[in-house]
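What follows is a single structure, written as structure tokens, with notes after it.
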Amino acid sequence: MSEAPTDLSTKSERSSGKRGKGGGGGGSGQSRHQGKATGRARVQFDDPSRVARAAKAQITSRSIQQSDVPFLQHLPQYEGNTSISRGSGFGTGQVHPAIQALGVKYAQGVITGGHSRCLAFVNAMEEVFGDFVMTDMNNAQQIHRESSKLLNRCVQFVVECRPLSVSMGNFVRYLKEQIAHLPLVLSLPEARKLILEAIDLFREKRLLLPVNEIADIGSKLIGRGEKIVVYAYSEVVLNLLKQARTMGTDFLVIVIDSRPLYEGRRMAKALDEAGINTDYGLLNGASYLIHSATKVILGAHSIMADGSVTSRIGTASVALLAKSLHVPILVACEAVKFSDRVQLDSIAFNELGDPLQLLPSACERSADASLSELRDKLPSNLRMINMLYDVTPAAYIQAAICEVGVIPTTSALVIYHEMSDYTTSY
Amino acid sequence: MDTKDLEAAIKALSSHKKAWKFVEAFSHELLRGSYTDSSDVANTTAEVLKVVAVATCMAGLDNVRRSLRAVGRYLAGLAGNYKYVIGNVTRRVLKLVQETFDDPDEEFSIQENIKEALSLFLDEFNQTRDTMVTNAAVAEQIHSAEVILTFGRSATVERLLLEAAKKRTFEVVIAENSPRGDGHGLAKVLASEAKLEVTLIPDSAIFAVMPRVHKVIIGGEAVLANGSLLAPAGTLLVTTVARHYSKPVVSCAELYKLTPLFPLSTMADVKLLHPATILNEEIASEMPNVNIVNPANDLVPAEMISLLLSDNGGCSPVVVHRLVKQLYDEVDVPL
């Protein structure tokens, strides 16, 4: 198990390599299931002792607040207006500037979407390890310790800006195992080279290649004259639709969008630029829009162990309406977003956005602005919720399109374990 | 009644100066879109029709019926969402006029008879919403500490919640109903006036929050003869989610919304609104070829509604056709 992490290119090698690795690989596989990796235990924000511990580990000077909505108190409360977005919460030189810049972009919502967020994080970590130096080099073991400390610090900072996406969590777990399995006798430049190669491999095989693979597979599922419903914005779905257009298929895309993020506008604009016929409407018109559709293709934040799909809030209602109107639903999702977690509802784990985003913005002049004047003095018995994700039950989804092929979403866990094995073994 | 007859009837009516002034004033208000509450529309329609009936009844039953139908159709054509309400009120006045002609009090003239009958009707009719919200069967639908979800702002639902808040405390979750966003207005009223615990959510969070909800209460512009509800676009999403979580859906509608028509296609009654409310010019110009779709209504099928509340109390939507038989004459169904 001490080969360099570079020979993971083909599928045949992948499977044979896995079988051939013996005890070492099995051991690493087991330790992965024991929940030691980063991000495993989510802080429950209604548990004072856990909150205190989390506060102690903090790098930035964010205050930890509780949500004022009773049933959301276990979730991290939105604090957009705090130190991070103003850039003052950084310790001097504690965190690499690439990570600092990235954290601000996450916190301000400049980078959104599972794919883009993970890619940006991988790129930033590449920079971090490219600049990895140690002042005091006594033995090789220190390389392990120092590099995992460095990784932990970066992760801690990023988490404080915004919770990790599932794909980012998978990347962190991967990188940790790569570091843990670095050969024992190694010079610093050699270690750096191996880590950078591992990062590059992850980016190619788990992030970039899958998007193209999914586009290849998915675009063939779209026939001439079809009406495809999509919801909000998804990089992977957009890529798939563009590919189908490039192949010469003539079809209509119906973009369904929702307040307050209006990500569907970005989708509609991109589709329009790609020369695809596009309809656009809001969630309240969803039943009307889905009525004439032939397929629904959804993006995902994650596919969980029981096959349910976490995605942008509103996705579940689109899926439910499509199901009740007998329109088949596909989810386009890279395997790096698969997770071994399970979640029954959208409340047990979620992210909270700025509740004040619910107030109509300047460009929504026709909307009821009764609450805008109360902006700073909302009565305490009036609360607004702005959650980011919801969970679509597996039963609504016909299939998931991932780089491995078209699979039932309930098989995501199998792929997750397969993939984790292949990326962590040499 | 074809268009030619309608025009003739309207023309004949314009010789009744006083009655015509009433019709015109109301039609201007309708065209201007001044009404936000169906009960105002229903009451004004009844007033106007009373004036028309009193003015034209001397010329005989046929004449008064023709005038009423002409005015009803004329006003309904201007009324957008309220066309069903106006049509229904017209049908009820027609039935009443017919009954008065069939069985008049011989001591008085026919005009006095009509005046008397319609005044009695109006006294009661103006109280429709009060009758509804104070009806025991309606008021007891919300119990204490319940979590109620509603969609947007229906004047009927708003009154019902305000009335219930006088008796007990409960929580209300309001889905904002974008692009109109009228849920914000309801949230403000319920939180500041009724001191209820109010949670405002975007439409996208309906699925996520529904497990926390006990009952869904919705309003609409018309209850059709098979019990289905014509409601603002987005209501079908709410009821579909409610059905997924097996939450009871209560639809609230005064009897003047009871329409003796059957939906023949789920999409036939859906009107499309101006796209600018969901995408302003500036953003729309960035995607010139995108077709913006902004439907006005949803038709919620009767099987998705657990209970229909009206001024008549509560009933299952499947028995609506019987109420329709009681309220209207068969001959008045096509106005």
Side-chain angles (χ1 to χ4, degrees), chain A residues 69 71 254-255 257-260 262 265 268-269 271-273 275 277-289 291 312-317 320-321 324 345-347 350 358-360 363-372 374 378-379 381-387 389-392, chain B residues 152-153 173 176-192 195-209 211-212 232-237 240-241 243-244 266-267 270 272 275-280 282-283 286-295 298:
Chain A
V69 180
F71 63 88
I254 302 167
V255 179
D257 204 1
S258 66
R259 288 197 75 224
Y262 287 121
R265 289 177 179 173
K269 194 167 168 242
L271 288 167
D272 192 30
E273 278 162 7
N277 293 327
T278 307
D279 280 2
Y280 174 94
L282 293 186
L283 207 49
N284 71 337
S287 60
Y288 182 87
L289 292 163
H291 191 78
R312 176 61 70 231
I313 188 143
T315 305
S317 34
L320 177 56
L321 276 174
S324 76
D345 58 27
S346 313
I347 295 170
N350 213 316
L358 257 62
L359 300 177
C363 65
E364 297 171 301
R365 255 169 274 124
S366 55
D368 184 337
S370 325
L371 289 176
S372 300
L374 298 176
L378 283 173
N381 58 336
L382 173 57
R383 304 180 185 92
M384 296 191 278
I385 301 179
N386 183 11
M387 285 191 275
Y389 299 108
D390 65 12
V391 177
T392 308
Chain B
R153 183 181 196 173
V173 176
E176 60 177 4
N177 181 21
S178 73
R180 281 180 71 190
D182 49 2
H184 291 242
L186 180 63
K188 190 180 171 187
V189 169
L190 293 184
S192 55
K195 304 288 174 212
L196 291 170
E197 294 288 321
V198 177
T199 309
L200 183 70
I201 58 170
D203 303 344
S204 54
I206 291 168
F207 189 92
V209 173
R212 312 273 325 165
T235 310
L236 189 57
L237 185 143
T240 311
V241 174
R243 185 174 62 175
H244 171 75
T266 46
M267 292 296 140
V270 173
L272 292 177
T277 50
I278 63 171
L279 213 57
N280 67 22
E282 199 182 319
I283 301 166
E286 289 173 19
M287 30 178 135
N289 306 314
V290 172
N291 175 30
I292 298 160
V293 185
N294 184 14
D298 266 342

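As the structure is a prediction and not an experimental result, all values here were calculated from the model. So that the names make sense, note that chain A is the first sequence line, chain B the second, and so on, each numbered from 1. All values below were derived from every heavy atom in this structure, side-chain atoms included, with hydrogens, water molecules and symmetry-related copies excluded.
Interatomic distance, B:D203 CG to A:L283 CG, rounded to the nearest 0.5 Å: 6.0 Å. The structure places CG of A:N381 at 10.0 Å from CG of B:L190, a figure rounded to the nearest 0.5 Å. Annotation: the span from B:E286 atom CD to A:R265 atom CZ amounts to 9.5 Å, rounded to 0.5 Å. In this structure, NE2 on B:H184 lies 7.5 Å from CE on A:M384, to the nearest 0.5 angstrom. Put simply, CD on A:E364 and CD1 on B:I278 are 11.5 Å apart, with the number rounded to the nearest 0.5 Å. Interatomic distance, CD1 of B:I292 versus CG of A:D257, reported as 11.0 Å (0.5 Å rounding).
The minimum heavy-atom distance between A:S324 and B:T240, with the atom names listed, is OG-CG2, 3.8 Å. Closest approach of A:L382 to B:A191, counting heavy atoms only: CB-CB, 3.8 Å. Among all heavy-atom pairs drawn from A:A268 and B:M287, the shortest one is CB-SD, 3.6 Å. A:L358 and B:P202 get closest at one heavy-atom pair: CD2-CD, 3.8 Å.
In this structure, no portion of A:L378 lies under 4.5 Å from any heavy atom of chain B. Contacts between B:P232 and chain A at a heavy-atom distance below 4.5 Å are absent for every atom of the residue. Only the side chain of A:S258 comes within less than 4.5 Å of a heavy atom of chain B; its backbone N, CA, C and O stay farther away. Proximity to chain A (any heavy atom under 4.5 Å) is shown, for B:L237, by both the backbone and the side chain. If you measure heavy-atom distances from A:L289 to chain B, the contacts under 4.5 Å come from the side chain alone. Within the 4.5 angstrom heavy-atom criterion, atoms from both the backbone and the side chain of B:E197 approach chain A. For A:I385, the parts sitting under 4.5 Å from any heavy atom of chain B are the backbone and the side chain alike. For A:D279, the parts lying near chain B are the backbone and the side chain together; criterion is any non-hydrogen pair under 4.5 Å. With a 4.5 angstrom heavy-atom cutoff, A:M387 touches chain B only via side-chain atoms.
Counting heavy-atom pairs under 4.5 Å between each of B:P211, B:S204, B:G185 and chain A puts B:S204 at the top. Taking B:N289, B:L186, B:V173, B:T199 one by one and counting their heavy-atom pairs under 4.5 Å with chain A, the maximum is reached by B:N289. Between chain A and the options B:V189, B:V209, B:L196, heavy-atom pairs under 4.5 Å are most frequent for B:L196. Between chain A and the options B:V290, B:N280, B:I201, heavy-atom pairs under 4.5 Å are most frequent for B:V290. For the set B:R243, B:E176, B:K195, the count of heavy-atom pairs under 4.5 angstrom toward chain A peaks at B:E176. Ranked by non-hydrogen atom pairs under 4.5 Å with chain A, the options B:T235, B:L279, B:V241, B:I206 are led by B:L279. Per-residue heavy-atom pair counts under 4.5 Å with chain B were compared for A:I313, A:D390, A:N386, and the maximum is reached by A:I313.
Side-chain atoms of A:L374 and B:K188, non-hydrogen and from C-beta on, do get closer than 4.5 Å to each other. With contacts defined as side-chain heavy-atom distances shorter than 4.5 Å, the pair B:S178/A:N284 does not qualify.
Residues satisfying the ring pair (Phe, Tyr, Trp, His ring centres under 6.0 Å) criterion with A:Y262, sequence neighbours excluded, are absent altogether.
Residue pairs that meet the salt bridge (Lys or Arg N to Asp or Glu O under 4.0 Å) test with at least one member in residues 177-187 of chain B, sequence neighbours left out, are B:R180-B:D182.
Among the candidates A:T392, A:V391, A:L320, the single residue satisfying the side-chain contact (heavy atoms from CB on, under 4.5 Å) test with B:F207 is A:L320.
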* To do: Give the intermediate values and the outcome of side-chain contact (heavy atoms from CB on, under 4.5 Å) for residues B:V293 and A:I254.
  => CA-CA 10 Å; B:V293 185; A:I254 302 167; over 6 Å; no

